[in-house]
Structures are given as structure tokens and as C-alpha cells.
2 protein chains.
Amino acid sequence: MSETRPYNPYVSIDCVVFGFDGKNLKVLLIKRHIDENTGEYNDVKLPGSIIYMDEDLDEAATRVLAELTGLKNIPLSQFYSFGNPLRTSNPRDILWLERTMKTKIERIVTIGYVALIKINRKITLNSKNTSAEWYDVDEVQNMNLAMDHNLIVQKGLDHIKHWLTVEPHMMFKLLPHKFTLSQLRLLYDEINRKKSDVRNFQKKINQWHNLVVLDEFEKGVPHRAGRLYKYQKK
Amino acid sequence: MSETRPYNPYVSIDCVVFGFDGKNLKVLLIKRHIDENTGEYNDVKLPGSIIYMDEDLDEAATRVLAELTGLKNIPLSQFYSFGNPLRTSNPRDILWLERTMKTKIERIVTIGYVALIKINRKITLNSKNTSAEWYDVDEVQNMNLAMDHNLIVQKGLDHIKHWLTVEPHMMFKLLPHKFTLSQLRLLYDEINRKKSDVRNFQKKINQWHNLVVLDEFEKGVPHRAGRLYKYQKK
DNA sequence: GCAAAAGTGTTGAAGCTACACCCATGC
DNA sequence: GCATGGGTGTAGCTTCAACACTTTTGC
């Protein structure tokens, strides 16, 4: 983070960070303020930034996420790269980029990374002018994100949906340490965009051998309390 | 392709083009000659090049492949991006890149694309100093390709292996117009790196409904001739 | 006639889907 | 006591793996 480390103004990282609030899948977005002398403009974008000249992509993703949100030790997975030359051609985007990066921007190819975190992780911001918030993934589809970030979120979603079949354990990263089977199923259904049969779902996950049954139950619910489970890495 | 169209020397495309000769999976590589005054050096690399400043990635992939091999109308799929800052740090690579691109090279992030073609397609080269050849994928693992191209080939392989389950029809792009079920099975097994049971395999592919049985048989084989099939898009 | 690959069915195991009722809790 | 979601088993169907012998052809 030294001030003299040169940027590569042609390549950036964008992080699609997903969370789950027990009901909806959420994505972490950062509010962006543009003062177009002074047309004023507020919108919302993915946490992302250009990379340093001598920086590996995975490394850059980790750094960018930490710098913009304070989130550390988050495994990030590259999923797709976006290089439409018009993706940063909106004057608003150019203005914002050049002010923020303090460098001339021509055209940026961005590498998309995806991460799954527990939604109650503390987010800290590096600037008073910004704020990060969780947005419903469904809402985001109808919002107008900065640059091509709608597309990036969509591709990120496709990517984690694909994980459901290939590595379903990734879901546990989105759940609290202790969770009920309903929470697990709702999350699964939310990502998969279809309702599972309750009994069949429980049969399926009982074969995963990574769930530990706890002697605890959820509290304060206006119905029979669900049993709590935790995930145990094998 | 005008001479004045400026390059973006920070982003490149590399194409992993696969073919199948009836027995082995092959990858298309380009011989590269370096004269290091005159240490002489010959090695082999993927068809790839830096992109133009105003060019979309998919567009660049199509152009680069056409320019370097004459292959047109080839669907290319992006599969992964490679950005280790040391990937082009070998002096040999720098020398070659700067001579070929006629521009100063600092560090290149490359976007990997994969394509599947029939192995008898005509390859034409744009220069007398280069030549393109098909290499056994297995051999390539033990060769020392330029830059990080061994890694890129490996990731490309993983990608098409994954296609077997998700979109198995892609295999037909690698086969001749008319083919036997053995050829199809050998290709499947080659990509999947395991032997299928003959009968089970035929049952599986009979459910695809994209195979048309022909009234023709292969010729000149020293055993019972296999029936020919063709692929019919639905 | 022999070497080499083509072609062809059945069985058992595992996994997937569909489906309905009683239970515990908060209000 | 009622509304809400928790928790539980079975039966039919589909899918997948394992397995061996006869046919055709070139030489």
C-alpha cells in the first residue's frame, strides 16, 4: 500500500461478495458519490479497484476487498473476466474512476471474483464518503449499478449456483456457526431458485457427513423450535 | 487490422484449441523462434496476442485466432484469466514479445479461451517464421511451453472435461462429420481420463437424440466395420 | 482360421421424487 | 386454541455399474 507502488490502469478486480440473512441472498455493494460540478450523483457499485503493476490477480482481489471493506482472510474465487471496451465509457464512470484512482483511465478489463461470507461480519470502510451495504440479490436485478456491475453480479450468481452441485459445502460459509436445517434448505433453494421437498432435502444432506447435530434448539420463534447443527470440516 | 490501431500491451488473449485425431486429444501450438543474437532458441506456445485498445475480449479472441492460424468462425469460450506478474518475466519471453508486438512489454494479464475444432481444418500461417502443429495433450505436459502456457493448457483441459457433464454435445465439434460410436467413446474417455463400459456408453448416448444413424460403415479397417453416425442439431 | 473390434440385454444397487400427518411453540 | 413451521418414512421410478458372448472383416 505504499504511495509509490504504481497502478496498472488497464486491469481491475471486482468482488461479488454474497451473504445470507436467513431469508434472502444478499450482495455487498458500495455507495458511490459523484459530484459532477455539482450535478450530484449517487449510485452503487461492487467493491473493486485497479491492480498494482506487480501484483498477482488473486493477491489483488484479497487486497482490494480488504482495503474497501476491511474483510480479511476471505477466500476469493476468480469466475470470469469482463472486457467490453464500453463497460467504463459512461462519463460518470470515467469521472469517478479518474478521481478515485488519481490516474488517467482509458479502458479497463476487470477480473471478477466471488466470495461467500457470514452476513454479520464487520464491514469497515476506508473513507467517510463511502458506505457498504447488503442488497437483496433480487432487488439488485432491478437497480442500475455502476458500469457493467449488473452483468458481473449475474455471472457471479451463475457461478455459485453451479457450486451447489459441484461443491455444496460452500453453502456453510454463508450460514451462522450454528444453524437449523430450514436455514440450510432456504439458502439452498434461494441459490438454486427452486423449492426443495423438505424430507428429500434432509435425506440428501444427511449423506454429507459434515453436519454435527447439536443439543441445542433455536429460540424465540413462534413455532416449534428447530434443532441446531454445525458444520464440521472432515 | 489497420496499422494505426493502438495495442493494449497489458492484456492478451491465449487460445487453447483442441482437436482429436481418432486416438488422442491434441492441442494446437505455434513454433516460436528466438534469435537472442544469436543464442537461437526454438520453443512452442499457444496462439495468442495482446488485444487492441478498443476491442472486446471475445472479439479479440476471434481475431487473434484467425490472424495466427487462419481459423475463422470458431466459437471460443473464455475459461480463466492468468495474471501472475512473473508469467512473462523470462528474458526470452520478453525479448520475443517486444520484437513480435513492436512495443514495450511490462506485464501482461492474459485471458484464456478454449475452442474445439475438427483436426483436419486447414491451418494457414501469417508468417514464414512460424508454424502451427498439433501436439498430443499428454506429450505437452512434459514439454516446456513458453511463459505459463503449460498452466493455461491444463486449465483449458479441466474446462472441457467439465463440459462433458454439462454440455456433452460439444464433443461433436471434435469429430469428423461422420463418425463411429467407438470414435465418440474414445474421445469421451480421452477427455474424461477413464474408460467407459461399451454397452453403458451406448445406452447413455442413445438418450441424446442428436445422433442420426447412417446407412454407411467405416471402410478399410481390419475388423468388422463400425456403423457411421452423424450429429444433428435439434 | 485368427486377430481385432463391433454389437447387443439383464440384473442389482443406489438415488430421486412424490406424498401426509403429528408435534412443539408463541401468542 | 390456533397459526406456524419442525420433524419424520415409504413406495415407485429412474439411473448407473457390472458383466460375456456372437458377429463381421482383413489378412
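Below, all heavy atoms of this structure are taken into account, side chains as well, without hydrogens, waters or symmetry copies. Chain letters run A, B, ... following the sequence lines, proteins first and then strands; every chain starts at 1.
Taking atom CH2 of residue Trp208(A) and atom P of nucleotide dG15(C), one finds them 15 Å apart after rounding to whole Å. Rounded to an integer number of Å, the gap from NZ of Lys23(A) to P of dG5(D) is 10 Å. Taking atom CZ of residue Arg227(B) and atom C1' of nucleotide dT23(D), one finds them 14 Å apart after rounding to whole Å. Spacing between atom NZ of Lys204(A) and atom P of dA18(C) amounts to 12 Å, rounded to whole angstrom units. Put simply, NE2 on His223(A) is 6 Å from P on dG5(D), counting in whole angstrom units. For the pair Glu216(A) CD and dG6(D) C1', the computed distance is 17 Å after rounding to whole Å.
Taken residue by residue, residues 178-203 of chain B places heavy atoms nearer than 4.0 Å to DNA chain D at Asp197(B), Arg199(B), Asn200(B), Lys203(B).
For the atom pair Asp148(A) CG and Lys155(A) NZ, the distance stands at 11.5 Å (nearest 0.5 Å).
With sequence neighbours excluded, no residue forms a salt bridge (charged side-chain N to carboxylate O under 4.0 Å, His left out) with Asp197(B).
Note on ring orientation: taking the six-membered ring where Trp is involved, the planes of His162(A) and His159(A) are tilted (angle from 30° to 60°).
Electrostatic pairing of Arg63(A) and Glu67(A) counts as a salt bridge here, judged by a charged N lying under 4.0 Å from a carboxylate O.
Comparing Pro222(A) and Leu228(A) by the nucleotide of DNA chain D that holds the closest heavy atom to each, the one mapping nearer the 5' end is Pro222(A). Across the interface with DNA chain C, nearest-nucleotide mapping of Ala225(A) and Gln207(A) shows Gln207(A) to be the residue nearer the 5′ end.
Under the 4.5 Å side-chain criterion, counting only non-hydrogen atoms from C-beta, Thr180(A) is not in contact with Phe217(A).
Counting non-hydrogen atoms of other residues, nucleotides and ligands closer than 6.0 Å to NZ of Lys45(B) gives a total above 12.
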